[in-house]
Amino acid sequence: MERFKALKDADPEIFSSHLKELDKQNNSLHMIPSDNIASPAVLEALSIPAQNRYAEGYPGKRYYGGQEFIDEIETAAIERAKKLFGAEHVNVQPYSGSTANQAIYFALMDLHDTFLGMTLSHGGHLTHGHFVNFSGKHYNAVQYGVRKDDELIDFDQVRRLALENKPKIIQAGYTAYPRIIDFKRFREICDDVGAYFFIDMSHFAGLVAGGAYPSPMPFADVVMTTTHKTLRGPRGAIILCKQELAEKIDKAVFPGLQGGPHEHTIAAKAVCFKEAVEPEFKDYAHQIVKNCKVLENIKNNFRLVSGGTDSHLLLIDLQQKLTGKEAEKALDESGIIVNKNTIPFDIRKPFDPSGIRLGTPTLTSRGMKEGEMKLVSDLIIRVLSNHNNAEVKQDVRKQVIELCAKFPVYPELSRN
Ligand code: DSN
């Protein structure tokens, strides 16, 4: 059967947008570090008819009948995630990282309780306590950051804020921190003040699964990860925790926050966990980091926050030679997709900050290695150094298309 034939016939408008997006993914270098390319098996799982069912509750304890096969799917996802990460308990129902984080706070704190999280502009996330987000409005979110001199986590500040504020939770795990996090130091501070240690490993979970980044599991009380970033599964999230917190976490997810679980997405999560124990996934995870290390070349022309990377992402300080917004636009015009990003102690505003964030998960999933990354870093430097030069951008665009043609995205998908 022709792929997406029913969609093409029923809704040519959406089908056409889908084809254009597929072409964009194929003909550009996607370097937003939270993006990736899910496998065809994950995409297929997302379209199975399990999507038709309501299944409030958990396997064996549902509020609706006829759930034996839905239970099979969810139990497989739970068991596979437990094995993959060495977790005592896993909840696979969260719709997204934001609702998963909300569930964790809901489970472990009362309204207006205090927690410590990293400030957004130093690499945190809105749900780590930003004042515009529920996490900053419903709780007393005390924010820590990185040191000015080396842009690494300021553990003296974390300890001081923890002692002063006696938080219920200390949160670590970020969206724009290129370095390895010292989980042990956080654990020690948590123990000193009697706080739960919560790690949001969304960005690096695939690296953990593949052994390319230390596992937070031995140190954490609760860990959350989205399943679509380096883990390369469907959009969604899971919560992993110690058995003693299992009931609190499960009750917070359902009935606390969510309704019917998205069982087709849970099936796709199960597929992703199966893929992530394969030897090829280890190679992929290590290759992500190796590829990112090659991009450190960029530091010959632009300053890298913290001087480089140990992970899948880099943060470039454009040093006022151009703004983040200008850089994002110039790279986009050249076929390289990145996102503007604040840098620690940024003097500019988030909508046009001083930096850009980029990473290697998507290019690694396409099969690119160190040789291609050297070319990619040269192209990025060329565009950033000539961001107003249309000829340069056109030439880079041509080179990007040539490179992309060698590493097609979903070649098996019909374009008719
Ligand atoms: N929006 C994600 C990111 O880009 O890092 C975090 O949720």
Side-chain angles (χ1 to χ4, degrees), residues 25 28-38 94-105 117-136 141 143 145-146 153 171-181 198-208 213 216 222-239 257 265 269 272 288-289 292 295 305-306 309-316 324-325 327-328 331-332 336-344 346 350-353 355-365:
Q25 291 192 21
S28 312
L29 295 172
H30 281 256
M31 300 191 70
I32 292 174
S34 41
D35 279 352
N36 211 330
I37 304 171
Y95 302 146
S96 74
S98 299
T99 54
N101 284 352
Q102 198 175 3
I104 291 166
Y105 300 144
M118 189 188 268
T119 187
L120 181 66
S121 61
H122 286 208
H125 186 253
L126 286 169
T127 58
H128 299 167
H130 195 277
F131 64 88
V132 299
N133 185 262
F134 80 91
S135 58
Q143 303 269 271
V146 297
I153 297 164
Q171 179 276 327
Y174 319 109
T175 67
Y177 187 74
R179 298 300 186 173
I180 285 171
I181 300 165
F198 157 41
I199 299 164
D200 180 340
M201 67 166 175
S202 298
H203 261 263
F204 53 87
L207 305 184
V208 171
Y213 195 99
V222 190
V223 173
M224 191 286 292
T225 182
T226 50
T227 43
H228 49 275
K229 296 190 177 87
T230 46
L231 203 47
R232 210 163 56 175
R235 302 200 82 82
I238 58 173
I239 301 173
L257 282 170
T265 309
K269 289 175 189 176
C272 138
I288 287 178
V289 180
C292 211
L295 296 184
V305 169
S306 84
T309 182
D310 308 316
S311 66
H312 63 302
L313 69 81
L314 278 178
L315 205 51
I316 303 177
K325 200 169 162 182
E328 182 187 283
L331 286 166
D332 192 6
I336 302 172
I337 316 290
V338 305
N339 68 276
K340 56 184 174 292
N341 215 94
T342 48
I343 57 167
D346 208 330
F351 203 66
D352 192 8
I356 51 171
R357 185 186 67 153
L358 51 92
T360 49
T362 302
L363 301 192
T364 307
S365 289

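Each ligand, and each atom within it, is numbered from 1 in the order the structure gives.
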- For ligand 1, would you mind listing the residues that have at least one heavy atom less than 4.0 Å away, ordered by chain and number? Ser34, His125, Thr175, His203, Lys229, Arg357
- Distance only, no hydrogens: is a donor on one side chain within 3.5 Å (strictly under) of an acceptor on the other, for Ser121 and Asp346? no
- Taking atom types as modelled and ignoring hydrogens, do the side chains of Asp200 and His128 form a donor-acceptor contact shorter than 3.5 angstrom? yes
- Query: Do side-chain atoms of Thr309 reach the backbone of Ser311 as a donor and acceptor pair under 3.5 angstrom?
  - Reply: yes
- Within the side chain of Asn339, is there an N or O that forms a donor-acceptor pair under 3.5 Å with the backbone of Ile32? no
- Task: Please name all residues satisfying side-chain contact (heavy atoms from CB on, under 4.5 Å) with Phe131, sequence neighbours left out, ordered by chain then number.
- Result: none
- Item | Single hit among Ile37, Ile288, Ile337 for side chain to side chain contact (heavy atoms under 4.5 Å, CB included) with Thr362 | Ile37
